Amino acid sequence: GQQLNQSPQSMFIQEGEDVSMNCTSSSIFNTWLWYKQEPGEGPVLLIALYKAGELTSNGRLTAQFGITRKDSFLNISASIPSDVGIYFCAGRYTGNQFYFGTGTSLTVIP
Amino acid sequence: DAMVIQNPRYQVTQFGKPVTLSCSQTLNHNVMYWYQQKSSQAPKLLFHYYDKDFNNEADTPDNFQSRRPNTSFCFLDIRSPGLGDAAMYLCATSRDRGQGKVWQYFGPGTRLTVT
């Protein structure tokens, strides 16, 4: 399968701070999805991106499809304690296979 | 609510004893996936069905098999579970919404323990 690397691997931030994370691939993708996963649960879809340069928001979350098509970025503004979890990117070129990034673990300190 | 359902949420099996995990969906999506997720790791795609067409990932062990008897149901069979197969198994579905836009939805997962 494809190898997608996420950075940073983990983050510890104060409540109210903004968060930035990214996902990079050695291959180009046509679709990027961002998920949040909490312990013992399945990933929950947050944002979907389909076009290079696309910028999409979902509440306090904003994600961008990198112009090289090999990366994507997720920002969370004004973090709150319930933002805690592991954030995964997933990429797809053609076909139906999605490949997941290594994940960014977010801890928000009240 | 339309959703992806996995049963059971927790499954314990013995080393070498075949086990089947179940997934159903009410979304009427034509693609269904099985992922394996080990602790602190990313979900790893095992295989997927596009309608009735089975697509295996090259590095999926032969010990893992799947069946999709109809659109709504998909099963993961582990023929001879080893200790290394203990993991969370995630079922997902997707559908092309047109213009290449695909959303993928996950079930809550089944945590498999091998004793």
Side-chain angles (χ1 to χ4, degrees), chain A residues 1-10 21 23-25 27-52 54 56 58 63 65 69 72 85-107, chain B residues 3-7 9-10 21 23 25 27 29-51 53-60 68 87-113:
Chain A
Q2 301 285 342
Q3 184 75 19
L4 279 70
N5 294 309
Q6 284 186 243
S7 177
Q9 184 176 359
S10 61
M21 60 187 78
C23 184
T24 59
S25 169
S27 305
I28 60 173
F29 286 118
N30 289 330
T31 300
W32 287 99
L33 303 179
W34 282 93
Y35 290 89
K36 178 187 176 187
Q37 186 176 28
E38 298 186 21
E41 299 295 329
V44 174
L45 182 63
L46 300 172
I47 292 179
L49 302 160
Y50 302 106
K51 188 177 176 181
E54 180 181 357
T56 297
N58 178 7
F65 195 135
R69 294 170 63 196
S72 182
I86 301 178
Y87 291 79
F88 288 103
C89 62
R92 179 185 77 112
Y93 178 51
T94 59
N96 298 293
Q97 294 98 318
F98 283 91
Y99 298 100
F100 275 70
T102 48
T104 293
S105 175
L106 177 64
T107 301
Chain B
M3 56 184 7
V4 182
I5 303 161
Q6 290 189 245
N7 285 309
R9 292 293 311 274
Y10 300 91
L21 307 183
C23 178
Q25 55 135 336
L27 297 161
H29 286 177
N30 57 341
V31 187
M32 293 187 77
Y33 308 78
W34 281 103
Y35 287 84
Q36 179 193 63
Q37 186 178 29
K38 296 188 175 180
S39 183
S40 302
Q41 295 184 19
K44 180 181 180 298
L45 181 62
L46 296 174
F47 26 59
H48 75 278
Y49 276 93
Y50 180 87
D51 292 326
D53 293 334
F54 178 72
N55 297 271
N56 199 29
E57 290 298 298
D59 56 356
T60 298
R68 189 180 186 187
M88 174 78 91
Y89 289 89
L90 296 163
C91 175
T93 71
S94 74
R95 178 177 70 89
D96 190 331
R97 304 167 68 87
Q99 300 179 331
K101 296 188 176 184
V102 179
W103 289 5
Q104 186 184 57
Y105 295 97
F106 280 82
T110 295
R111 170 74 64 188
L112 179 68
T113 300

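Because the structure is predicted, anything quoted here is derived from the model rather than measured.
- Ranked by heavy-atom pairs under 4.5 Å with chain B, the list A/G103, A/G95, A/G101, A/G40 is led by A/G40.
- Residue A/N30 does not touch chain B at all, counting heavy-atom pairs closer than 4.5 Å.
- Ring geometry, B/F106 versus B/Y35: the interplanar angle falls from 30° to 60°, so the pair is classed tilted.
- Of the two parts of B/F47, neither the backbone nor the side chain holds a non-hydrogen atom closer than 4.5 Å to a non-hydrogen atom of chain A.
- Contact of B/Q6 with chain A is not made at all, since no heavy-atom distance falls under 4.5 Å.
- Side-chain N/O atoms of B/Y105 and B/S94 include no donor and acceptor closer than 3.5 Å.
- If you measure heavy-atom distances from A/T102 to chain B, the contacts under 4.5 Å come from the backbone alone.
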Can A/E41 and B/R9 be said to form a salt bridge (charged side-chain N to carboxylate O under 4.0 Å, His left out), step by step? CA-CA 10 Å; A/E41 299 295 329; B/R9 292 293 311 274; 3.7 Å; yes
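- Contacts with chain A were tallied for B/H48, B/Q37, B/Q104; B/Q104 has the most, counting heavy-atom pairs under 4.5 Å.
- Counting heavy atoms from C-beta outward, A/Y35 and A/F98 have side chains that stay 4.5 Å or more apart.
- Between the side chains of B/Q36 and B/Q41, no donor-acceptor pair of N or O atoms lies under 3.5 Å.
- If you measure heavy-atom distances from A/Q97 to chain B, the contacts under 4.5 Å come from both the backbone and the side chain.
- Between B/Y33 and B/Y89, the distance separating the two ring centers is not shorter than 6.0 angstrom.
- With a threshold of 4.5 angstrom between heavy atoms, B/V31 approaches chain A through side-chain atoms but not through N, CA, C or O.
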